[in-house]
Amino acid sequence: MFIDKNGVVRHPVAYLAGPDMFWPNGDEIGAHYVELSHKYGIDGIFPPDPAREDEFKEYEPKDDSSEEMEKKIFIHDINHVRRSDMIIANLNDFRRGQEPDSGTCVECGAAYALGQRCYAFIDDARPMIERFSGTKHQNEEGKWVDENGCTIEDFDSPLNLMFGVPFTIVEGTMEDAMKRARADFDAELIAAGYEPFQVEE
């Protein structure tokens, strides 16, 4: 339970974003995430989950081309974001890179623009300058740069400040991020005179 923008106490709908669906056991991971969300009083939606009966309509492909299928998937996922109250994103490095999955980043930006609660989790939450595993050195100005001379973030966030400012980033797993969201929501409920949500162990 949480208090929504209209002051109504209800279960928040959460888009469970991330590249997890690309793993061989992606369906199992998604089902586990959704089950976990219910434990914490959250109505989780995993990207491949079917569309819900609401005002957000699915895209009907005009043909079997890859372009039309891309549009269908894009609209499907963005509609899931739009029908949610919050996002909980897996922002771990993806495909052997130093940054999160690009599709997840777009979804996170959309959720923030829609005024949603923004949470994320990452395995290593040390500042970017510490956790960057590529070649790095300090340039003539004393700034840390990578092998191409590009500046490396030197703030306290594990990711770019565009995540560090609007997102609550938790070190750990999807469940750890849900626990943090649950604690924040419970604090708001108690402050408003309501009972906190009882998590079933």
Side-chain angles (χ1 to χ4, degrees), residues 2 4 10-123 125 158-160 162-163 166-182 185:
F2 87 135
D4 70 12
R10 60 179 177 81
H11 291 282
V13 178
Y15 184 63
L16 310 178
D20 307 84
M21 74 186 82
F22 296 123
W23 289 94
N25 60 336
D27 290 342
E28 294 177 14
I29 294 174
H32 177 60
Y33 283 172
V34 171
E35 183 178 359
L36 277 177
S37 75
H38 298 162
K39 174 182 176 180
Y40 293 99
I42 297 169
D43 181 8
I45 303 177
F46 194 58
D49 286 351
R52 298 189 173 187
E53 294 294 330
D54 54 26
E55 70 269 31
F56 304 114
K57 304 304 179 184
E58 294 287 272
Y59 179 77
E60 296 296 333
K62 297 179 177 61
D63 52 49
D64 294 331
S65 66
S66 60
E67 291 83 359
E68 286 295 295
M69 292 308 298
E70 287 175 348
K71 290 179 183 178
K72 177 179 174 62
I73 295 171
F74 172 78
I75 295 300
H76 175 84
D77 290 355
I78 284 297
N79 280 347
H80 273 338
V81 175
R82 295 171 68 195
R83 62 174 51 98
S84 299
D85 301 297
M86 62 184 296
I87 188 169
I88 307 177
N90 178 352
L91 296 183
N92 282 301
D93 297 341
F94 185 55
R95 289 182 176 144
R96 306 177 76 176
Q98 298 286 334
E99 297 285 352
D101 167 51
S102 56
T104 301
C105 292
V106 171
E107 293 166 342
C108 287
Y112 174 72
L114 289 168
Q116 297 181 7
R117 310 287 189 95
C118 299
Y119 289 84
F121 65 94
I122 191 169
D123 292 338
L159 296 167
N160 185 282
M162 299 303 283
F163 277 115
F167 273 71
T168 297
I169 302 176
V170 177
E171 183 174 78
T173 65
M174 174 67 82
E175 184 168 15
D176 292 320
M178 290 179 181
K179 286 179 180 178
R180 173 57 190 271
R182 179 71 269 146
F185 294 159

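What's counted below: heavy atoms across the whole structure, side chains too, no hydrogens, waters or symmetry copies.
Remark: Asp176 engages Val170, Thr173, Lys179 in a side-chain contact (heavy atoms from CB on, under 4.5 Å) (not counting sequence neighbours). The salt bridge (Lys or Arg N to Asp or Glu O under 4.0 Å) check on Asp93 picks up Arg131, with sequence neighbours excluded. Looking at residues two or more places apart in sequence or on another chain, you find a salt bridge (Lys or Arg N to Asp or Glu O under 4.0 Å) between Glu175 and Lys39. Contacts of Tyr112 classified as side-chain contact (heavy atoms from CB on, under 4.5 Å), with partners at least two apart in sequence or in another chain: Cys118, Pro166. Evaluation of the salt bridge (Lys or Arg N to Asp or Glu O under 4.0 Å) rule for Asp49 yields no partner, not counting sequence neighbours. Applying the salt bridge (Lys or Arg N to Asp or Glu O under 4.0 Å) rule to Asp54 yields the partners Arg83; only residues at least two apart in sequence or on another chain are considered.
Minimum interatomic distance between Asp77 and Pro47 (heavy atoms only, all atoms of both residues): OD1-O, 3.5 Å. Across all non-hydrogen atoms, the minimal contact from Leu91 to Ile122 is O-CD1, 3.8 Å. Phe94 and Pro100 get closest at one heavy-atom pair: CB-C, 4.2 Å. Annotation for Asp63 and Ser65: closest pair OD1-OG, 2.5 Å, computed over non-hydrogen atoms. Here the closest heavy-atom approach between residue Gly41 and residue Pro12 is recorded as O-CD, 3.2 Å. Listed here is the closest heavy atom pair of Ala17 and Asp20: O-OD1, 4.2 Å.
With rounding to the nearest 0.5 angstrom, the CD1 atom of Ile169 is 5.0 Å from the CG atom of Leu159. Cys108 SG to Gln116 CD: the interatomic distance, rounded to the nearest 0.5 Å, is 10.0 Å. Here the CD1-OG1 distance, from Ile87 to Thr104, works out to 7.5 Å after rounding to the nearest 0.5 Å. Here Tyr15 contributes atom OH and Ile45 contributes atom CD1; the two are 9.0 Å apart, rounded to the nearest 0.5 Å. For the atom pair CD1 of Ile75 and CD of Glu70, the computed distance is 12.5 Å after rounding to the nearest 0.5 Å. Taking NE2 from His32 and CG from Asp27, the interatomic distance works out to 14.5 Å, rounded to the nearest 0.5 Å.
Pro61 places none of its side-chain heavy atoms less than 4.5 Å from the side chain of Lys71. Using a 4.5 Å cut-off on side-chain heavy atoms (C-beta onward), Phe163 and Pro158 make no contact. His80 is listed as a side-chain neighbour of His76, based on a closest heavy-atom distance under 4.5 Å. Within the 4.5 Å cutoff, the side chain of Phe185 has heavy atoms near those of the Arg117 side chain. Using a 4.5 Å heavy-atom cutoff, the side chains of Asn90 and Met174 are not in contact. Looking only at side-chain heavy atoms (C-beta outward), Asp43 and Arg10 stay at 4.5 Å or farther from each other. At a threshold of 4.5 Å between non-hydrogen side-chain atoms, the residues Glu68 and Asp64 do not count as touching.
Just one of Phe56, Tyr59, Phe74 meets the side-chain contact (heavy atoms from CB on, under 4.5 Å) condition when paired with Asn79; it is Phe56.
Counting non-hydrogen atoms of neighbouring residues, nucleotides and ligands closer than 6.0 angstrom, the CD atom of Gln98 exceeds 12 such neighbours. Residue-environment remark: CD (Glu55) exceeds the threshold of 12 foreign heavy atoms within 6.0 Å.
Annotation: cation-pi pair Arg95/Phe22 present, NZ/CZ under 6.0 Å from the ring centroid and within 45° of its normal.
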